[in-house]
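Counting starts at 1 for both ligands and their atoms, following the listed order. This one's a predicted model, so the numbers in the text were calculated from it and none came from an experiment.
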Amino acid sequence: MTIKNIMVIGAGQMGSGIAQVFAQSGFDVKLNDLSEEALQEGLASMEKILSRNVEKGRMTEGEKTATLDNITTSTSLDDASDRDLVIEAVVENMDVKTQVFQKLDEVTPEHAILATNTSSLPITDIAAVTKRPDQVIGMHFMNPVPVMKLVEVIRAIQTSDETYQTIEETAKALGKMPVEVNDYPGFVSNRVLMPMINEAIYTVYEGVAEPEAVDEVMKLGMNHPMGPLTLADFIGLDTCLYIMEVLYEGFGDSKYRPCPLLKKYVSAGWLGKKSGRGFYVYE
Ligand code: NAI
């Protein structure tokens, strides 16, 4: 199957980025959120990114206009009734995602694929609430979506080969690199990244080094573009803690226990860049 038209549910940080890359590649995109206000915010952030691309000569004014022209907005999931693919990027909450998938299963055409951008929830459980579990898959984009090459394509135990192949081809059509993984806690990206961040926090907790020193070691010594504590502040320390809890609970292995210092920062409301303070202070 070739995907021509899609719907993105959730016009937040990820959803607006996903809508942008599809529209830029010529897909017909409907962007859905609960309110007009949320949709306008999503479109405004997209417009800002596209204008910066024009200023920097990465795109012409005509390409910017064509991208925006490929996007229409919607506040009703019923509008998914003519879509080949729907990508859900709503809040990371299983109840909300379950409700969205049940409704999409009712309203979308029989051939439609239902994908989720979840960073930590089990795709197998999401697939199980629909009557088309073989057409449900994880399409995990990285932040910022227009910049990052990877799409981690996560197969639920029920996902068919045909669904996987369609999504792999679709990701390539966006100029992204799809990588196939199976559905286990944290998939590959967060299973490898989050324990590294958690361990970096342990080195601060145990007084091995200051945050700046930990980040310098990983930048200069391991060639990481950004130190793990800076990255944690960018991701949000609440999100890091949440994903560590998913790993800890999902595997029942003490190697995934969240660092007490991470828990303390989150309790204090020190969530990183978004709250003005995490391992660093932001003006
Ligand atoms: P966000 O909070 O920026 O956006 C979520 C949007 O979903 C909001 O605009 C909200 O109004 C909307 N929404 C909530 N319930 C809805 C519903 N029932 N129907 C339609 N819209 C609804 O969140 P963000 O960061 O964009 O994350 C979205 C998803 O992407 C989550 O599952 C998250 O785990 C995943 N993700 C996030 C990454 C990140 O770096 N922020 C990276 C990769 C995945």
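Among residues at least two apart or in separate chains, side chain to side chain donor-acceptor pair (under 3.5 Å) pairs with a member in residues 82-101 are D28-R83, K30-D82, D84-H111, E88-K97, E88-T116, E92-T118, E92-S120.
In N117, the parts holding a heavy atom less than 4.0 Å from any atom of ligand 1 are both the side chain and the backbone. The side chain of H140, and not its backbone, has at least one atom closer than 4.0 Å to an atom of ligand 1 (non-hydrogen atoms only; side chain from C-beta on). When non-hydrogen atoms are compared, ligand 1 lies under 4.0 Å from the backbone of V90 as well as from its side chain. Using a 4.0 Å cut-off between heavy atoms, M142 makes no contact with ligand 1 at all.
Looking only at heavy atoms of the protein, atom 41 (N) of ligand 1 is closest to Q13 OE1, 3.5 Å. Looking only at protein heavy atoms, the nearest one to atom 4 (O) of ligand 1 is G12 CA, 3.3 Å. Shortest contact from atom 40 (O) of ligand 1 to any protein heavy atom: N143 ND2, 3.2 Å. Given atom 27 (O) of ligand 1, the protein heavy atom at minimum distance is M14 CG, 3.9 Å.
The closest approach between E41 and ligand 1 stays at or above 4.0 Å for every heavy atom of the residue.
Among residues two or more places apart in sequence or in another chain, the ring pair (Phe, Tyr, Trp, His ring centres under 6.0 Å) test is passed with F22 by F27.
Counted by atom type alone, N198 and Y256 present zero donor-acceptor pairs between their side chains at under 3.5 Å. In this model, a donor atom of one side chain and an acceptor atom of the other lie less than 3.5 Å apart for Y280 and D215.
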- Query: Can Y184 and F251 be said to form a ring pair (Phe, Tyr, Trp, His ring centres under 6.0 Å), step by step?
  - Reply: CA-CA 9 Å; Y184 283 98; F251 292 113; 7.2 Å; no
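Note that atom 23 (O) of ligand 1 has no protein non-hydrogen atoms nearby, at separations under 4.0 angstrom.
In this structure a side-chain-to-backbone donor-acceptor pair under 3.5 Å is missing from K273 to I235.
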